[in-house]
Novice: 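Dumping the structure here so I can ask a few things about it.
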Amino acid sequence: MAASVRPLLERMIFRPSAGAVSVSVADGWRPSPRCYATASCRSFSGGAAEKSTHFGFETVPESEKAKKVYTVFENVAHKYDVMNDAMSLGIHRLWKDALLRAAHPQPGARLLDVAGGTGDIAFRFLEYVGSQKGRWAGRSSWWQDICQKDPGNREEGEEGPTRDSRVVVCDINKEMLKVGRRKARRTGLADGVLWVAGDAEELPFDDAQFDIYTIAFGLRNVTHVELALREALRVLKPGGRFMCLEFSRVTDPVLARLYDAYSFQVIPLLGEVIAGDWKSYRYLVESIRRFPAQEALKELLEDAGFCRVGYRNMSGGVVSLHSGFKL
Amino acid sequence: MLRNVLARFFTESFFVHRTVKYSPSIQASSSPFASVRNFTDVKDESQQEFDTSLLEFLVCPLSKKPLRFEVATNELINDELGIAYPIIDGIPNMIPQEARLVQKDSDSPAQE
C-alpha cells in the first residue's frame, strides 16, 4: 500500500496546482445555459472524427467513456457504501432521505431507480411506502375503488396498493447490482426489488411504466445526458416525476474553497486507504466539476420535455435535487 | 426522525464493516482460501432464479418490443431482431452490446 500511496503523495506535493486548477474551474464555471453545448462544440473543432467527452478532467472519445466509467464502478463496487459514508461523513444518507421525502411515494407506486446499483434509494422507497400503510386504514372508499379498477392491481384495496409497490433498479454495472442484491437479502427487502442490468441511454422498459424515476449520483456518469433524460421522459407515466440527486456547484465562495480542498486532497487519499483505488475517486471528484451546474441542468431538463422543473440545493449546494414532471 | 437516522447510521455501518472484512478475500484470486470462499459465493449467486414478474416491464432496449423468456438457454429473446439477452445469476443483462445474435433459418438476421 505504501508503494501506491507514494505516487499519490508525489502528485499532491509536486502538483499543488491541482488544487488551484479546481478553484479556478469552480469560480469560472458560471451556470451559463450554453455551457453544456459549448463543451460538445469545442470537441467538434478538435478535428477528430469521433466526438470526445469529458472523463473527469481528461478528454476521451465518447465510446471510451462508458468503458472507463464501468471499470471505475467495477473496482469500487464492494467498497461503495463504506466510501460513501467515509467521504460524506454519513450525510449522503440524509440527502437520500430528503429525496424520498420530496418524492413522497404512495403505496402502489412504481419506482425506477436508474444507476441505483447498491439499492440505497430502492430500499428507502420500500420502507417509506411501508410506513405509509398506516395512513391507508382511514382512507375513504373512493380511493380504494380507484385502486381496484387499476388493471395491475387485482388484490383487495387494503393490501393491494402496498403489495403492488415495485421498484426496479437498473444499473449498467453488474457488480454494483450484485452488491445491492446481497444487501437486499441481508435486510430482508429482497421481495420488492427487481434488478436489471441496462443502459440509462437505452432503457429496456416500455413506455409509460413508472410513476417515479430517480437517478441518484449517477447522471454525471452517463455519456449522453440528453439521451438519458429523453428515455426518462419516455418510461414515465403522464404525471410521473423525474428526480435527480447530483453533486452540484457550491454557492458560497468560502465553502467552495474548503470543499475543493477536501475533494481533491482528502477524498483520493480516503479512496486509497479504504478502497485501494485513488484514481477512481479522483475521477469521481473531477466528474463532479465537469457536470453542468444547477441552472444548466434545469435547462437540460426543460429541453428534454419535462415541465415544472425546479431544484433544491442541499448542504450549501454540494448536492442539488432536481425535479421535473411529465405532463 | 433524527433518532431514526442516527440509529440507522450506526446499525448499518456495522453491516458495512462485516462486508468489509470479507471483501479482501473475495478480491484476492490467488490464495486457495479465497477460491473456496469465491466458490461458496458463486453457489449462492447461481441459486438466484429469474423473477418472471420482470417480464411485465422488460422490452428490448433497441426496438422496445416485448421479449420471450427462453427457459432452456435462460435468455430473453427478441424474435423480430433475432437477438438474445442473457440472464446472469437471475439478473437480466439488457445492454445491447452484450446481446447475442440468434442464428435461425426462418428469422431475418439482426439489422442493428
Side-chain angles (χ1 to χ4, degrees), chain A residues 66-67 70 75 77-86 89-91 93-94 97 101 110 112 120 123-124 127 152 166 168-174 177-183 185-187 190-191 193-199 201-207 209-210 231 234-235 274-276, chain B residues 1-2 4-28 41-42 44-48 50-67 76 78 85-99 112:
Chain A
K67 231 182 299 168
Y70 191 96
N75 294 340
H78 290 283
K79 299 284 176 92
Y80 187 72
D81 293 321
V82 186
M83 275 303 295
N84 280 347
D85 279 331
L89 308 172
I91 304 173
R93 295 158 187 263
L94 300 179
D97 289 340
R101 271 200 311 277
R110 288 188 172 173
L112 173 64
D120 278 345
F123 303 146
R124 280 174 170 77
E127 284 168 9
R166 303 313 296 265
V168 180
V169 176
C170 179
D171 198 298
I172 203 169
N173 196 302
K174 295 176 268 299
L177 289 171
K178 284 189 195 159
V179 170
R181 198 171 54 175
R182 230 172 283 145
K183 254 171 65 178
R185 272 188 271 133
R186 231 181 283 124
T187 52
D191 283 337
V193 190
L194 298 168
W195 308 88
V196 178
D199 190 346
E201 298 176 16
E202 273 175 318
L203 288 173
F205 305 109
D206 212 349
D207 298 358
Q209 287 284 312
F210 298 100
E231 280 290 277
R234 183 181 66 80
V235 301
I274 298 179
Chain B
M1 194 224 83
L2 185 61
N4 285 338
V5 167
L6 288 173
R8 274 182 56 221
F9 177 68
F10 287 117
T11 50
E12 280 178 32
S13 52
F14 271 117
F15 274 126
V16 153
H17 283 136
R18 228 175 279 154
T19 22
V20 167
K21 250 195 284 178
Y22 285 132
S23 53
S25 45
I26 289 172
Q27 283 170 2
D41 227 31
V42 164
D44 210 24
E45 292 283 312
S46 63
Q47 280 165 6
Q48 290 292 319
F50 171 62
D51 192 342
T52 44
S53 59
L54 254 177
L55 287 171
E56 67 177 289
F57 297 104
L58 285 178
V59 295
C60 172
L62 297 169
S63 67
K64 312 298 182 198
K65 293 278 163 53
L67 297 161
L76 292 164
N78 181 341
Y85 297 95
I87 299 173
I88 304 163
D89 296 337
I91 298 178
N93 187 349
M94 308 304 296
I95 298 164
Q97 290 85 348
E98 296 179 28
E112 298 190 56

Novice: Name the option with the most non-hydrogen atom pairs under 4.5 Å to chain A; the candidates are M94(B), Q97(B), E98(B).
Specialist: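 That would be M94(B).
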Novice: Applying side-chain contact (heavy atoms from CB on, under 4.5 Å) to R181(A) and D89(B), what does each step give before you reach the verdict?
Specialist: CA-CA 11 Å; R181(A) 198 171 54 175; D89(B) 296 337; 3.6 Å; yes
Novice: Against chain A, work out which of I87(B), L58(B), I88(B) has the most heavy-atom pairs shorter than 4.5 Å and name it.
Specialist: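 Looking at each option in turn, the highest pair count goes to L58(B).
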Novice: Under 4.5 Å heavy-atom distance to chain B, tell me which part of E201(A) shows up: side chain, backbone, both or neither.
Specialist: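 Contact with chain B: none, neither part.
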Novice: Classify the ring geometry between F57(B) and F210(A) as parallel (under 30°), tilted (30 to 60°) or perpendicular (over 60°).
Specialist: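 Parallel, since the angle between the ring planes stays under 30°.
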Novice: Below 4.5 Å from any heavy atom of chain A, which atoms of P96(B) appear? Answer side chain, backbone, both or neither.
Specialist: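 Answer is side chain: those atoms of P96(B) sit under 4.5 Å from chain A.
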Novice: So which atom in I95(B) and which in I172(A) form the shortest heavy-atom distance, rounded to 0.1 Å?
Specialist: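 Result for this residue pair: CD1-O, 3.5 Å.
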Novice: Please report the interatomic distance CZ(R166(A)) to CD(E56(B)), rounded to the nearest 0.5 Å.
Specialist: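 One gets 6.5 Å once the value is rounded to the nearest 0.5 Å.
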Novice: At a 4.5 Å cut-off on heavy atoms, which part of V235(A) comes close to chain B: side chain, backbone, both, or neither?
Specialist: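 Nothing of V235(A), per the 4.5 Å heavy-atom cut-off to chain B.
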Novice: Between R234(A) and K64(B), what is the shortest heavy-atom contact and its length?
Specialist: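 R234(A) and K64(B) have their closest heavy atoms at NH2-NZ, 3.2 Å.
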Novice: Restricting to non-hydrogen atoms, name the atom on L194(A) and the atom on S53(B) that form the minimum distance, rounded to 0.1 Å.
Specialist: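 Nearest pair, atom of L194(A) first, then S53(B): CD2-OG, 3.8 Å.
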Novice: Looking only at heavy atoms, what is the nearest atom pair of V59(B) and D206(A), with distance?
Specialist: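 Nearest pair, atom of V59(B) first, then D206(A): CG2-N, 3.6 Å.
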